[in-house]
Novice: 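Take this structure first; my questions come after.
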Number of protein chains: 2
Amino acid sequence: MRRQETIDEIVAEAWELSRANGLANFSMRELGTRVGMRAQSLYSYFGSKLEICDAMFLDGNRRLLETMRAETDGFDITADPTGTIEATARGFLRFCTSDPVRYQLLFQRTIPDFVPSPDSFAVAQEAFDLAIAPLRAQGIDDQGVDLFTAVLAGLAAQQISNDPGGDRWERVIPSAITMLLRELCPNLYPTPPSTRSQP
Amino acid sequence: MRRQETIDEIVAEAWELSRANGLANFSMRELGTRVGMRAQSLYSYFGSKLEICDAMFLDGNRRLLETMRAETDGFDITADPTGTIEATARGFLRFCTSDPVRYQLLFQRTIPDFVPSPDSFAVAQEAFDLAIAPLRAQGIDDQGVDLFTAVLAGLAAQQISNDPGGDRWERVIPSAITMLLRELCPNLYPTPPSTRSQP
DNA sequence: GTCTATAATCTGATAGAC
DNA sequence: GTCTATCAGATTATAGAC
């Protein structure tokens with residue numbers, strides 16, 4: 001389908017402009033010019049600018065889904081639970097920090113009046129469920145998952161806004177994951193006795 | 001000074017409009033009307049719209065400074081380190097979640113072309129230093145502080161964007177702080193032997 | 001599907017009278 | 001300090017020819 005290709009190109013350019021000027025900080029004129037048409041012609045592909053944002057949201061979540069799938073691919077949850085969990089955590093963080101604007105669209109509510117359509121929200125849900133599957137497999141409960149996601153979200157947020165392009169919080173990942181696994185499944189990841197004081 | 005009162009009123013209304021329409025999503029006309037003048041008259045108080053944003057940034061950080069001061073007020077760091085740390089953490093989180101737009105301005109870089117002035121940045125630095133003082137007092141190093149701030153930032157971010165107005169991640173605070181203190185100063189906050197498996 | 005034309009409105013900002 | 005007048009341009013979106 002040629003139409004689908006055009007749609008994909010529009011979305012790709014919308015990402016490009018957002019990365020350069022800030023999320024959704026492009027005009028229909030600007031976007032149209034980028035894809036080689038007048039702004040008005042965009043309306044035969046999308047009903048409004050917010051529909052383009054929704055297409056970006058869908059696209060971003062599809063990529064997240066792919067990333068999480070690829071990241072857990074070489075791992076066997078039952079055979080190597082900690083390896084799988086660490087891989088998903090690292091994959092998720094790399095996904096976030098590698099594209100701050102995408103992180104902003106997917107995980108923060110920052111575009112006024114933007115509400116994801118049911119279709120794109122479903123993909124977001126699917127990606128989230130896949131990402132936390134290794135945690136569920138270890139019997140971690142709702143509160144544990146919330147704690148885990150909060151730590152990952154925090155590392156991403158800090159890295160993006162306080163050290164963009166650097167690795168200051170990326171370097172904290174190992175100790176963060178160790179800490180989380182110690183807290184959430186101590187039987188799986190016991191504290192090394194040598195490093196702890198015995199009362 | 002009557003001039004200062006007007007300036008304060010402008011900033012207050014800018015917050016109000018941002019809370020209603022999204023951060024910095026107000027026009028000078030709109031803001032002027034709110035404070036009872038034409039948009040053009042605002043320019044005798046601020047040189048540009050971004051200067052108003054900077055005044056908001058300064059105001060927000062001053063309030064953060066006040067909050068952190070008030071929160072640690074009843075505590076003695078040397079006598080009750082964990083109590084002090086818990087209080088500052090809770091105070092910080094309440095500060096963040098109670099005003100998502102303020103959180104967005106203070107802790108995320110989301111307004112295009114906005115750069116804090118040196119003066120307002122200095123206040124931000126002062127607030128941060130005060131907030132982590134109890135951690136430093138416990139000898140927690142740079143990486144430890146980064147881990148701590150990441151967890152707090154994550155709890156705030158998740159609470160704000162995934163459960164606004166609720167308390168889903170607020171309820172995780174106790175276990176998060178316990179986990180952090182266990183990890184970062186085990187001598188101060190030893191793991192209760194009863195709940196752990198002995199190898 | 002893409003175009004021209006245009007609606008209808010908003011934008012931040014400046015000049016100068018009073 | 002506040003006003004009127006205005007600049008110079010932007011914005012999303014629609015109508016209708018081709």
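Numbered from 1 within each chain, the chains take letters A, B, ... in sequence-line order. Computation of the quantities below employed the complete heavy-atom set of this structure, encompassing side-chain atoms and omitting hydrogens, waters and symmetry-equivalent molecules.
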Novice: What's the CD-C1' distance between A/Gln40 and D/dC18, to the nearest Å?
Specialist: 15 Å
Novice: A/Ala39 or B/Met28: which one's nearest nucleotide on DNA chain C is closer to the 5' end?
Specialist: A/Ala39
Novice: Counting heavy atoms from C-beta on, name the nucleotide in C/dG1, C/dC3, D/dT14 closest to the side chain of A/Tyr43.
Specialist: D/dT14
Novice: Distance check needed: D/dG1 P versus B/Glu5 CD, whole Å only.
Specialist: 12 Å
Novice: Under 4.0 Å between a side-chain N/O of B/Ser27 and OP1 or OP2 of C/dC10, yes or no?
Specialist: no
Novice: Does B/Ser41 put a side-chain nitrogen or oxygen below 4.0 Å from OP1 or OP2 of D/dC3?
Specialist: yes
Novice: Closest-nucleotide mapping onto DNA chain D: is A/Glu30 or A/Gly47 further toward the 5' terminus? I mean the 5' end.
Specialist: A/Glu30
Novice: Among C/dT11, D/dG1, D/dT12, which nucleotide sits nearest the side chain of B/Tyr45?
Specialist: D/dG1
Novice: Counting only side-chain heavy atoms from C-beta out, which of D/dT6, C/dT4, D/dT4 sits nearest to B/Arg29?
Specialist: D/dT6
Novice: Atom NZ of B/Lys49 and atom C1' of C/dT11: how far apart are they, to the nearest Å?
Specialist: 9 Å
Novice: Just the rounded figure in Å: distance from P of C/dT14 to CZ of B/Arg38.
Specialist: 19 Å
Novice: Please check if the number of heavy atoms outside B/Phe114 that lie under 6.0 Å from its CZ is greater than 12.
Specialist: yes
Novice: Above 12 or not: heavy atoms from other molecules or residues under 6.0 Å from CZ of B/Arg136?
Specialist: yes
Novice: Could you tell me the separation between the CD1 atom of A/Ile111 and the P atom of D/dT12, rounded to a whole number of Å?
Specialist: 13 Å
Novice: Return the value, rounded to whole Å, for the distance between atom CD of A/Glu51 and atom P of D/dT12.
Specialist: 14 Å
Novice: Show the numbers, then the answer: is there a side chain to side chain contact (heavy atoms under 4.5 Å, CB included) between A/Arg168 and A/Asn162?
Specialist: CA-CA 9 Å; A/Arg168 184 168 151 193; A/Asn162 290 11; 5.5 Å; no
Novice: Between B/Phe92 and B/Phe148, is the ring centre distance below 6.0 Å?
Specialist: no
Novice: What is the nucleic acid contact for A/Thr6, judged by heavy atoms within less than 4.0 Å: base, sugar-phosphate only, or nothing?
Specialist: nothing
Novice: Just the rounded figure in Å: distance from P of C/dG1 to CD1 of A/Ile10.
Specialist: 11 Å
Novice: Does A/Asp113 have more than 12 heavy atoms from other residues, nucleotides or ligands lying within 6.0 Å of its CG?
Specialist: no
Novice: Give the rounded distance in Å between these two atoms: CG of B/Leu42 and P of C/dT11.
Specialist: 13 Å
Novice: Which part of the nucleic acid, if any, lies within contact of B/Phe26, taking any heavy atom under 4.0 Å across all strands shown: a base, the sugar-phosphate backbone alone, or nothing?
Specialist: sugar-phosphate
